[in-house]
Number of protein chains: 2
Amino acid sequence: MSPPLAARPSTRRASPRLTVGDWVEAALDVIGEEGLGAVKIDPVAQRLGATKGSFYWHFTDLASFMDAVAAAWCRDREEMRATLSALDELPPRERLARLIDLIQDTRYWRLERASREWARTNLRVRHTLGRSDGWMREAECKAFRDLGFNEEEAALRANTLFFAGLGYIFAGPDDGRLDRRQVDGLLDVLAG
Amino acid sequence: MSPPLAARPSTRRASPRLTVGDWVEAALDVIGEEGLGAVKIDPVAQRLGATKGSFYWHFTDLASFMDAVAAAWCRDREEMRATLSALDELPPRERLARLIDLIQDTRYWRLERASREWARTNLRVRHTLGRSDGWMREAECKAFRDLGFNEEEAALRANTLFFAGLGYIFAGPDDGRLDRRQVDGLLDVLAG
DNA sequence: ACCTGAACACCGTTCAAGT
DNA sequence: ACCTGAACACCGTTCAAGT
């Protein structure tokens with residue numbers, strides 16, 4: 001419609017040259033807003049004010065692009081480890097409540113669900129998710145040990161809590177944060 | 001390649017005329033084998049030895065086809081209610097173990113995961129899944145009440161068990177059936 | 001080096017034409 | 001009534017041509 005002279009509307013940057021990072025960031029935005037299935041080349045290109053040709057300069061194909069997006073997601077995810085160890089000094093019961101709150105953050109639900117779906121086809125995502133799940137379970141397990149349970153009892157309780165959290169993300173109510181009372185109730189069951 | 005005279009290879013029926021049910025059944029097979037994303041018109045048509053034109057005689061479009069498939073899935077799912085009430089006479093602890101076994105059936109994992117994903121875009125699936133989840137949670141809750149817990153305590157334990165089961169389906173090991181000892185351990189945590 | 005724009009294959013959809 | 005086969009739009013991919 002408009003002549004190529006006219007400045008294209010760009011959501012993210014004034015600079016005419018795009019970087020790999022720009023494309024990756026845009027894809028993560030799309031995943032968070034519309035889900036994994038909404039990552040298509042042309043729409044993402046339009047978000048950045050570019051064409052498909054530009055995409056294929058930076059990336060071999062959709063799959064390798066998604067690999068790069070996965071790698072970026074993995075880097076973000078690895079930061080969770082620091083968040084977990086930051087809780088290490090808290091008393092165990094309080095620590096568990098905080099771990100539950102971490103999982104509960106609604107902003108991450110969609111990305112969390114997307115990553116589980118993604119892990120089934122992407123080795124890198126599967127691997128990072130496995131590691132990150134491991135830290136979370138170990139943190140939960142340690143909290144139960146600190147509460148006085150032996151290794152086996154603590155592991156059983158940690159696994160139950162861990163999977164309950166995931167189940168809640170996948171099948172719980174969309175607006176469903178557990179309030180303080182419900183979290184306490186849950187912990188009474190598992191730690192009582 | 002081959003002349004139209006030659007009999008087309010049909011996986012499911014010799015009869016030349018297809019019914020709505022044939023298409024729906026084929027779609028459910030595909031979902032179970034390759035996931036929700038693999039349901040495409042041409043591949044399903046080839047499974048049935050037909051062309052896309054035949055599809056569009058029976059169905060308005062992919063969406064309404066998927067609605068019909070969803071309806072069929074819902075009918076199957078409703079049968080779970082009978083299965084649940086069949087367990088009603090068992091002692092509560094044994095009943096809980098059986099409920100866990102129900103969820104654990106590996107054959108249903110993929111369809112179960114697909115249905116959760118599906119529920120986010122299909123009202124009918126969401127509704128049936130909600131009802132079916134309700135029966136499962138009520139059955140679990142009743143078992144805990146029969147074990148002597150009051151209403152609130154039973155609900156808390158049932159929810160924990162329910163979501164843990166779902167979390168296990170979505171994020172647990174692919175070959176991961178819990179053995180008798182692990183199920184007992186889980187029930188010790190929740191019912192002990 | 002980075003990007004455009006035209007071309008092609010694949011899949012959902014339509015439809016005129018066949019039995 | 002039920003189906004085929006050709007046509008078209010959409011999206012992933014390629015590539016020659018531009019700056």
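By convention in this document, chain letters (A, B, ...) are assigned in the order of the sequence lines, proteins followed by strands, and residues within each chain are numbered from 1. What you see below is based on every heavy atom in this structure, not just the backbone, and it leaves out hydrogens, waters and symmetry mates. Worth saying up front: this structure is predicted, and the values here are computed from it rather than measured.
Partners of B:D188 by side chain to side chain contact (heavy atoms under 4.5 Å, CB included), not counting sequence neighbours, listed by chain and number: B:R93. In this structure, A:K40 has no salt bridge (charged side-chain N to carboxylate O under 4.0 Å, His left out) partners at least two apart in sequence or on a different chain. Under the rule for a side chain to side chain contact (heavy atoms under 4.5 Å, CB included), the partners of A:C74 that lie at least two apart in sequence or sit in another chain are A:R124, A:T128. Applying the salt bridge (charged side-chain N to carboxylate O under 4.0 Å, His left out) test to A:E78 and every residue at least two apart in sequence or in another chain returns A:R131.
Using cut-offs of 30° and 60° on the angle between ring planes, the pair A:F59 and A:W23 is perpendicular.
Straight-line distance from the CZ atom of A:F59 to the C1' atom of C:dC3: 14 Å, rounded to whole Å. Per the geometry, CH2 belonging to A:W23 stands 8 Å off P belonging to C:dC3, to the nearest Å.
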For residues 63-71 of chain A, tabulate all N or O donor-acceptor pairs below 3.5 Å that involve a side-chain atom, not counting sequence neighbours.
residue : atom : partner : partner atom : Å
A:S64   : OG   : A:T60   : N            : 3.4
A:S64   : OG   : A:D61   : N            : 3.4
A:S64   : OG   : A:D61   : O            : 3.2
A:S64   : OG   : A:D61   : OD1          : 3.4
A:D67   : OD1  : A:N122  : ND2          : 3.0

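OP1 or OP2 of C:dC3 sits under 4.0 Å from a side-chain N or O of A:H58.
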Intra- and interstrand pairs of DNA chain D - dot-bracket, Watson-Crick/G-U under 3.5 Å, | marks other strand: ||.|||||...|||||.||
Letter per nucleotide, 5' to 3', of nucleotides 8-19 of chain C [B base touched, S only sugar-phosphate touched, - untouched; heavy atoms, 4.0 Å]: ----BBB-----
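Sorted by first then second residue, the ring-ring contact (aromatic ring centres under 6.0 Å, His included) pairs that include residues 133-165 of chain A, not counting sequence neighbours, are A:F163-B:Y168. The ring-ring contact (aromatic ring centres under 6.0 Å, His included) analysis of residues 70-91 of chain B, with sequence neighbours excluded, yields no pairs.
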